[in-house]
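One structure is given below, encoded as structure tokens.
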Amino acid sequence: MLTLDLPAEPYWLDLPRGVRVEIRPVTTAVMAAAQAAAARRLAAIRLADPDLDPDMSRGLSFAFLVKALARHAVTAWEGVGDAADQPLPLSPEAVERLMDLDDIAASFWDRATAPVAAVAVEGNG
């Protein structure tokens, strides 16, 4: 039997470097919005550079997807500061800059998508 044990309310994720983010649950709508945004950005780059290296294209595709998911899901954060070591206000641009850090992006992706992945694995059992 499939157990639907997905979060229904925003919850906190602990990320590397002392960063915490609160995210809304990664629903079908949130993931579809992220995928659409990432696809648009990659399409614009491919138009500008038709000879884009396939490996770079795959890397950009994932980077854009993580950034878009973070923009759509992150509702609050802690442990993120500016150059003067002052708390940085949450904004879509700042969330994208945070996701430029590979360890943060990888951890965010793994933790944000874990509840959905767990249900998918259970459904395939």
Subject >> Main-chain N/O of Tyr11 paired with Arg24 side-chain donor or acceptor, under 3.5 Å >> reply: no
**OP:** Identify the residue among Leu15, Val66, Val80 that makes a side chain to side chain contact (heavy atoms under 4.5 Å, CB included) with Ile104.
**Re:** Leu15
What about [X] and [Y], same hydrophobic cluster or not, with Ile/Leu/Val/Met/Phe/Trp/Tyr joined at side-chain heavy-atom distances under 4.5 Å?
| X | Y | result |
| --- | --- | --- |
| Trp109 | Trp77 | yes |
| Val26 | Phe64 | no |
| Leu65 | Ile45 | no |

Original post:
Is it true that Asp100 and Arg97 have a side-chain N and a carboxylate O under 4.0 angstrom from each other?
Top reply: no
Kindly compute the distance separating [atom1] ([X]) from [atom2] ([Y]), expressed to the nearest 0.5 Å.
| X | Y | atom1 | atom2 | result |
| --- | --- | --- | --- | --- |
| Glu22 | Leu90 | CD | CG | 10.0 Å |
| Leu88 | Gln86 | CG | CD | 10.5 Å |
| Lys67 | Leu60 | NZ | CG | 9.0 Å |
| His72 | Ile23 | NE2 | CD1 | 13.5 Å |
| Glu96 | Ser91 | CD | OG | 9.5 Å |
| Asp51 | Arg46 | CG | CZ | 12.5 Å |

Looking only at heavy atoms, which two atoms of [X] and [Y] are closest? And how far apart?
| X | Y | answer |
| --- | --- | --- |
| Phe108 | Val21 | CD1-CG2, 4.2 Å |
| Pro89 | Ala94 | O-CB, 4.0 Å |
| Leu69 | Ala112 | CD2-CB, 4.4 Å |
| Ala68 | Ala38 | CB-N, 4.4 Å |
| Ala105 | Met99 | CB-O, 3.3 Å |
| Arg71 | Val95 | N-CG1, 3.8 Å |

Original post:
Can you list the steps and then say if Arg17 with Asp103 is a side chain to side chain contact (heavy atoms under 4.5 Å, CB included)?
Top reply: CA-CA 9 Å; Arg17 306 185 198 201; Asp103 59 334; 3.0 Å; yes
Original post:
Do other residues, nucleotides or ligands put more than 12 heavy atoms under 6.0 Å from Asp53 CG?
Top reply: yes
Subject >> Side-chain hydrophobic cluster, 4.5 Å single linkage: members besides Trp12 >> reply: none
**OP:** Start with the C-alpha distance between Leu98 and Val19, add both sets of side-chain angles, then the distance that settles side chain to side chain contact (heavy atoms under 4.5 Å, CB included), and finish with yes or no.
**Re:** CA-CA 10 Å; Leu98 179 65; Val19 172; 4.2 Å; yes
